Structure formats: C-alpha cells, structure tokens
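All values below were derived from every heavy atom in this structure, side-chain atoms included, with hydrogens, water molecules and symmetry-related copies excluded. In this text, all values refer to a predicted model and were calculated from it rather than measured experimentally.
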Amino acid sequence: MKRLAFVFALTVAASPAFAALKPGVRATDFTTQAVLAGDAYTYNLNKALKRGPVVLYFYPKAFTSGCTVEAHEFSEAADDFGAMGASIIGMSADNIDTLKRFSVEACRNKFTVGIASNAVIKSYKVSLPVMGGSNRTTYVIAPDGKILFAYSELGVKGHVSGALKAVKDWRAANPKGK
C-alpha cells in the first residue's frame, strides 16, 4: 500500500496539470549559488535574461539515472541553444559540492547548475513533496521575463526537445534577439 501511495504521489507531483507555471506568466527573479565547469559563482536570473532566453530546468537529484541522462541531453544540445542566444541552468536542492562534481561529470562543463532553495522551488511550483526538493520541470524564459514554455514530466523525454523548439520559435519571432 505504501508503494502504491508513493507511485501515486510521484505521478501527481510530476503531472503537467499539477506543476509548472503557465506560459505568459512572469518568472520570479532569483539569485543562487551556482557552478559552471566545477567553478562556483553567484547566478542571477534577471542578469542572465539580459543576454537572451534562459532554459531553466529543475531536476530531483544529481547523479540519479534520469537526472544524469537529462544533463547529458542538455549538454549535447548546449551549442544549439547557445547559437540561438539562449543559456541553460539546471536547478536542484543538491549542495554546492555535489553540484561542482555534477557540472563536470554529467553536465560536461557545458552549462550552469544551481541550488534550488525552498523559496525558488515554491515560486516555480516544482515541489516534489514525497522526496523533498523539486520535480522534473523545464521552463524557457524570454528576455522580457515571461515564460514561453513549461513542461513538467517525471520522465526525461520531451524536456530538451521541447525547450529547443520553444527557443527556435522565439528566435524566429525575434531575429534581433529582444
């Protein structure tokens, strides 16, 4: 019975109908500790948006099978995102030392990973109550701060491809970048 309740809770927490802010909503600014290629720094969303769209993806736990696969997929697509002026940040409730390793080993030094505080998890509606931390949700945020794309699914499939399509569509509608 406990296992059934756990599976149900994971399904509900990861369901698109129960998670994620909707496209058109303004993304909440945040500042957090982050890591790129093993080097820690302070990341600010609004500052990143000044350079172009941001792919903000939340994942439950570094070095778990799905989260590692997702990081590999984002790293493989990082050059495509960059060519369209978009940056990527993955967020989890992991500590900075874990993120330093994850940024090198799983993210392959291609994009930033940051600490998702409880306040950020709550403001982006990505809480995973059963396990704590966040569920698997991907957003694309336009430079004006509005969400263009939101996809919440526990499985990895669709996160990278959906975000890439959203950035391509945005770029086609905004060839000068703003």
Side-chain angles (χ1 to χ4, degrees), residues 1-21 30 32-41 43 45 48 54-82 86-141 147 149-167:
M1 186 65 164
K2 286 183 182 180
R3 181 181 168 101
L4 181 59
F6 176 75
V7 171
F8 176 75
L10 279 178
T11 302
V12 169
S15 170
F18 293 98
L21 300 172
F30 63 87
T32 191
Q33 287 184 301
V35 180
L36 177 61
D39 296 323
Y41 72 102
Y43 177 93
L45 177 63
V54 171
V55 177
L56 169 63
Y57 86 91
F58 291 88
Y59 60 96
K61 183 85 176 122
F63 296 110
T64 57
S65 60
C67 297
T68 300
V69 167
E70 185 178 31
H72 287 173
E73 288 183 9
F74 270 112
S75 70
E76 289 169 5
D79 291 339
D80 294 330
F81 284 110
S87 62
I88 304 166
I89 180 167
M91 300 276 287
S92 74
D94 292 304
N95 65 44
I96 199 73
D97 290 331
T98 300
L99 293 178
K100 284 179 180 180
R101 285 187 23 245
F102 194 67
S103 74
V104 173
E105 295 173 27
C107 305
R108 301 172 175 160
N109 302 324
K110 293 282 194 165
F111 62 91
T112 298
V113 286
I115 297 174
S117 68
N118 287 335
V120 170
I121 289 168
K122 183 177 179 180
S123 69
Y124 280 88
K125 298 185 178 185
V126 295
S127 178
L128 187 58
V130 174
M131 296 174 57
S134 70
N135 65 19
R136 189 177 319 281
T137 298
T138 300
Y139 293 104
V140 174
I141 306 167
I147 295 172
F149 171 81
Y151 183 71
S152 203
E153 178 63 47
L154 192 56
V156 173
K157 187 176 180 177
H159 288 270
V160 175
S161 61
L164 195 54
K165 181 184 180 322
V167 171

Could you tell me whether the side chain of [Y] reaches within less than 4.5 Å of the side chain of [X], counting heavy atoms only?
| X | Y | value |
| --- | --- | --- |
| Ser87 | Val54 | yes |
| Val167 | Phe81 | yes |
| Ser152 | Val126 | no |
| Val140 | Ile147 | no |
| Val55 | Thr138 | yes |
| Leu56 | Phe30 | yes |
| Ile115 | Leu99 | yes |
| Cys67 | Pro60 | yes |

With Asp79 via salt bridge (charged side-chain N to carboxylate O under 4.0 Å, His left out) - residues at least two apart: Lys110
Residues that Lys100 engages under salt bridge (charged side-chain N to carboxylate O under 4.0 Å, His left out), provided they are two or more places apart: none
Aromatic contact, His159 with Tyr151 (centres under 6.0 Å): yes
is_close_aromatic(Tyr139, Phe149), centroid dist under 6.0 Å: no
Separation of [Y] [atom2] from [X] [atom1] (nearest 0.5 Å):
| X | Y | atom1 | atom2 | value |
| --- | --- | --- | --- | --- |
| Ile96 | Arg101 | CD1 | CZ | 13.0 Å |
| Leu36 | Tyr41 | CG | OH | 5.5 Å |
| Ser117 | Gln33 | OG | CD | 11.0 Å |
| Ile89 | Tyr57 | CD1 | OH | 10.0 Å |

Partner set under ring-ring contact (aromatic ring centres under 6.0 Å, His included) for Phe102, not counting sequence neighbours: Tyr59, Phe63
With sequence neighbours excluded, residues passing side-chain hydrogen bond (donor to acceptor under 3.5 Å, both in side chains) with [X]:
| X | result |
| --- | --- |
| Lys165 | Asp169 |
| Asp39 | none |
| Thr98 | Asn95 |

Least distance between heavy atoms, [X] atom then [Y] atom:
| X | Y | result |
| --- | --- | --- |
| Val156 | Gly66 | CG2-O, 3.2 Å |
| Ile121 | Ala93 | CD1-CB, 4.5 Å |
| Ala37 | Asn109 | CA-OD1, 3.1 Å |
| Cys107 | Ala71 | SG-CB, 4.0 Å |
| Ala20 | Thr137 | CB-CG2, 4.0 Å |
| Ala34 | Thr112 | CB-CG2, 3.5 Å |

Asn118, CG: over 12 other non-hydrogen atoms inside 6.0 angstrom: no
Test side-chain contact (heavy atoms from CB on, under 4.5 Å) applied to Ser103 and Val113, step by step: CA-CA 6 Å; Ser103 74; Val113 286; 3.9 Å; yes
Expected output: side-chain Asp94 to main-chain Lys61 donor-acceptor under 3.5 Å: no
Pair Thr32-Val120, side-chain contact (heavy atoms from CB on, under 4.5 Å): steps then yes or no: CA-CA 9 Å; Thr32 191; Val120 170; 6.0 Å; no
Lys/Arg N to Asp/Glu carboxylate O, Glu70 vs Arg136, below 4.0 Å: yes
